[in-house]
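A note on names: the letters A, B, ... follow the listed sequences, proteins ahead of strands, and every chain is numbered from 1.
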There are 2 protein chains.
Amino acid sequence: MYDLVIIGGGPGGLCAGIYATRLRLKTILIEKELIGGQIALTDVIENYPGFPSISGMALVEKFEEHARSFGLEIKMAGVESIASDGDTKVLQTTDGEIRTKAVILATGAKPSRLGVPNEVEMTGKGVSYCATCDGPFFRNLTVMVVGGGDTALKEANYLAKIASKVYLVHRRDQFRGEKIQQERVEEAENIEILRSHILKEVVGDKVVEGVVVEDLKTGESRDIALEGVFIFVGIIPTTDFVNVEKDESGFIISDSKMGTSEPGIFVAGDCRDTPLLQVATAVGDGAIAAYTAEAYIESLVNVTPRTSKNPAKLV
Amino acid sequence: MYDLVIIGGGPGGLCAGIYATRLRLKTILIEKELIGGQIALTDVIENYPGFPSISGMALVEKFEEHARSFGLEIKMAGVESIASDGDTKVLQTTDGEIRTKAVILATGAKPSRLGVPNEVEMTGKGVSYCATCDGPFFRNLTVMVVGGGDTALKEANYLAKIASKVYLVHRRDQFRGEKIQQERVEEAENIEILRSHILKEVVGDKVVEGVVVEDLKTGESRDIALEGVFIFVGIIPTTDFVNVEKDESGFIISDSKMGTSEPGIFVAGDCRDTPLLQVATAVGDGAIAAYTAEAYIESLVNVTPRTSKNPAKLV
């Protein structure tokens, strides 16, 4: 029986682990794939305060070492479901059942990929899913933005202030993003809009050297030389396995103390309805979630174990 | 004319500076006393992810260097007032007027001091105002908690799990804190409650060696040998100079995107109604505040300067 299970080993989960172990909660962190999550796949991080330039993997190793130094237990397994048995949460994992008083969901989110050739291979080598993270690396270079929603338009406008030229590729004729952002991309002198176009292939060996795009109206393809490709076609939070209140995109709805709709289940980082998906914000969330979880655990009165044979409530 | 003025040079302000300069906002940070704020006065920090143990001053120097590396301008001055002139904020400082499109308040908060002999001299040497920060340094030692509100009781219970013995000193006969926390301090085997007592003096040369307490009912004083003194008699946010909506204690009321009641004025860190005053949470706030400020600045339409001679609205 644990006090706290943290699901997910990215910056939010590891920071929650640092705080929870210091709060002397009996805590285990469960990660299904890779300690560090998305950030471990990031080439260089320049905006986590204290580290002007560090690889994602190196930063994550520091976080993990930090959390383990206070005694955080880490287990590699996938969580399949969370049920409630009175005040106890019962987790079914790929490596058996775990019982705990509280849970912090820090499962993160993944950018949707286009699924075009060379996209995965060039990720971190010119292909990016985050302009805030990687935009400054493309000063006075040429980049392409793929997408037609709010994020794509906003980031195209942002990148136009840094890059010498921005191609904006959208598969449809009309953008979905805010009108004001549409006006800006249309007015920007260094943004070239390619409507009804798709990105067919990323070209490059060690780094991105160009792309192939197709005009959907004519069926013609052409090569464009450039250094960066920013893809904004959606973000998918890893929240399928848990039944707490979510927004229309699947992000978990959270209050200012990182509480969810379910007592005893807290949240941190990219899987919640955060305004900004960053290492700096995830660690803040993790600290708050651990602190709130501790207060919740302290508030639990000792109750007699249930005698009812009703099945545990699935959450 | 700046895009953004950040008031306060602690972790929240410096992180906002890192993000704002990377968002290419013309930004200045104004600090009146000491870059780093409260954290620069903290002996050792163990819970900012990535740095298992670092002095407050060293961490702050890293943050400042990081922010300056992106071109953040820093000015030493006090801000006396903020007024609105249309969409422009006009700051009166001890070193002249500054005009800006947006402001981030990151002015922090200070713990109330008792004002007893040796308290200031022993701060960071056994006298602390933060159990989350410093509690783990007192494992199996004897500490004293001063105060009778929620924080004092909660932190006494927390410290009782770490320290071998906790004295809880309160000047009144009755505690003000939550009933459940009162019950816990009363039930804890290693908490000795001294009601109607005051801390008169902290004793120690290089580190805390003991205290002198006075029983207010008998007027008698006595010495107690111990290693740590935790003082929880209130926290005062530095928010006097600005007229935005605040809670009863003066903390600025913020939304999830770090907005305040005044358009164009944003907030980060300990001066807002945060659930947790920590470096990790302040940097998260700072990143969000910069991002939201940038969106606000982008949303400003170009308006003709006001011709009215009405005085600017004081905020």
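If you measure heavy-atom distances from A:L14 to chain B, you find no contacts under 4.5 Å at all. When heavy atoms are compared at a cutoff of 4.5 Å, B:T132 approaches chain A by way of both its backbone and its side chain. With a 4.5 Å cut-off on non-hydrogen atoms, A:S53 does not touch chain B at all. In this structure, no portion of A:I54 lies under 4.5 Å from any heavy atom of chain B. The part of A:R24 that comes within reach of chain B is its side chain, from C-beta onward, which places non-hydrogen atoms under 4.5 angstrom from that chain. Residue contact with chain A, scored on non-hydrogen atoms closer than 4.5 Å, involves the backbone and the side chain of B:Y48 alike. Both the backbone and the side chain of A:F51 come within less than 4.5 Å of a heavy atom in chain B. Heavy atoms closer than 4.5 Å to chain A are found nowhere in B:R68, neither backbone nor side chain. Residue contact with chain A, scored on non-hydrogen atoms closer than 4.5 Å, involves the backbone and the side chain of B:I288 alike.
For A:K165, the NZ atom counts as densely surrounded, since its 6.0 Å shell holds more than 12 non-hydrogen atoms of other residues, nucleotides or ligands. Environment of CD in B:E65: sparse, with no more than 12 heavy atoms of neighbouring residues, nucleotides or ligands closer than 6.0 Å.
Scanning both residues, B:L276 and A:Y19, for their nearest heavy atoms gives CD2-CE2, 4.4 Å. The shortest heavy-atom contact between A:P275 and B:S256 is CG-O, 3.5 Å. Closest heavy-atom contact between A:V283 and B:V283: CG2-CG2, 4.3 Å. Nearest heavy atom pair, residue B:R22 against residue A:C133, reads NH2-O, 3.1 Å. Considering every non-hydrogen atom in both B:T281 and A:A287, the closest pair reads CG2-CB, 4.1 Å.
At a threshold of 4.5 Å between non-hydrogen side-chain atoms, the residues A:Y291 and B:Q278 do not count as touching.
Between chain B and the options A:E294, A:K154, A:K62, A:R184, the largest number of non-hydrogen pairs under 4.5 Å is found for A:R184. Put simply, of B:G50, B:A280, B:P49, B:S69, the one with the most heavy-atom pairs under 4.5 Å next to chain A is B:P49. Interface check for chain B: of the options A:S254, A:A282, A:P136, the most heavy-atom pairs under 4.5 Å are formed by A:P136.
A donor-acceptor pair under 3.5 Å links the side-chain atoms of A:H66 to the main chain of B:E46, judged by distance alone.
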